[in-house]
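See below for the structure under consideration.
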2 protein chains.
Amino acid sequence: MPARLAQPLDRLDELCCSPLTDAPLSPTEAAVLAPVLAALGDPVRLRLLSLVAARGEICSCHLEKPLGKSQPTISHHTRVLAEAGLIVGERRGKWMWWTVVPDRLALLRRLLGGA
Amino acid sequence: MPARLAQPLDRLDELCCSPLTDAPLSPTEAAVLAPVLAALGDPVRLRLLSLVAARGEICSCHLEKPLGKSQPTISHHTRVLAEAGLIVGERRGKWMWWTVVPDRLALLRRLLGGA
DNA sequence: TAGTCTCATCGACAGCCATCAATGTGCAGG
DNA sequence: CCTGCACATTGATGGCTGTCGATGAGACTA
């Protein structure tokens, strides 16, 4: 099983092209979107994502200290964000480099009623 | 204790005026913002919010059937969304009417890097 | 090949959460 | 008052989640 995942969320881009404020969400749309927002519903993951976004790309080993969490915990949170499609990881030698997926953030902005 | 709450989140509007993609979030900002996003991280609450937004305002008794949940569960979810500051409730006679708070959605859009 | 470094996974634990039946609270009409 | 209705709260339960120590899987170096 590879480190790159995010399987059941691939249909997310096709779903939900209209803002949440326009029409009621279907159960299917909600079931796909909720995990993405739930991934952002943790303070450690929010800070982690902002670190990745601010640095452009960042190695896992540079997250442990600023977040004040153990290595397994960091690995857990990067996995959750990756499964939500919010970040992607690329292996370079011994290091794992993470980058944000701007499209996913834009999709959430659209969901929240952006023009 | 009144039905209107959202106490610890009142400082939210002062905090976090810059997008998540610009600079790393402080632990305090993350601790305030994460519960708001966590409130959206549930499919039932996402659909509930979209129902409120689409109708403009809606009574609690009109949420039970379309969401397919029991009355206590609906009450629980409206409470969570209200504590997150995403909706507000107003009592009219026997009924409770809910409305969205557009500022909170706009704040989240800004957080997600919107222009 | 052995050693070391980075990261992923496993196992376990504590705490939180969604759900609903039962009950309580407040409002309106008779 | 008393009854009925809308909603809130309580208590219980099953499942999920954040956390970390221990261990495993790759990757580089000597």
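Naming: A, B, ... by sequence-line order, numbering from 1 per chain. Because the structure is a prediction, the values reported are computed rather than measured.
In this structure, I74(B) atom CD1 and dC5(D) atom P are separated by 20 Å, rounded to whole Å. Separating the NZ atom of K94(A) from the C1' atom of dT6(C) is a distance of 7 Å, rounded to the nearest angstrom. Taking atom CH2 of residue W97(B) and atom P of nucleotide dA8(D), one finds them 14 Å apart after rounding to whole Å. Note: CZ (R92(B)) to P (dA28(C)) measures 13 Å, nearest angstrom. As rounded to whole Å, 13 Å separates atom C1' of dC5(D) from atom NE2 of H62(B). Between E90(B) atom CD and dC7(D) atom P the separation is 13 Å, expressed in whole Å.
Here T73(B) lies in heavy-atom contact (under 4.0 Å) with a base. When heavy atoms are screened at a 4.0 angstrom cut-off, S75(A) is found touching base atoms of the nucleic acid.
With DNA chain D read from its 5' end, the first of the two nearest nucleotides for G93(A) and V80(A) is the one closest to V80(A).
Contact between the side-chain N/O atoms of R91(A) and the OP1/OP2 oxygens of dT6(C) is not found at any separation under 4.0 Å. Between R45(B) and the phosphate of dA18(C), there is a side-chain N or O to OP1/OP2 separation shorter than 4.0 Å. OP1 or OP2 of dT19(C) has at least one side-chain nitrogen or oxygen of H77(B) nearer than 4.0 Å.
Below the 3.5 angstrom threshold, one finds a donor paired with an acceptor across the side chain of Q71(A) and the base of dA8(C).
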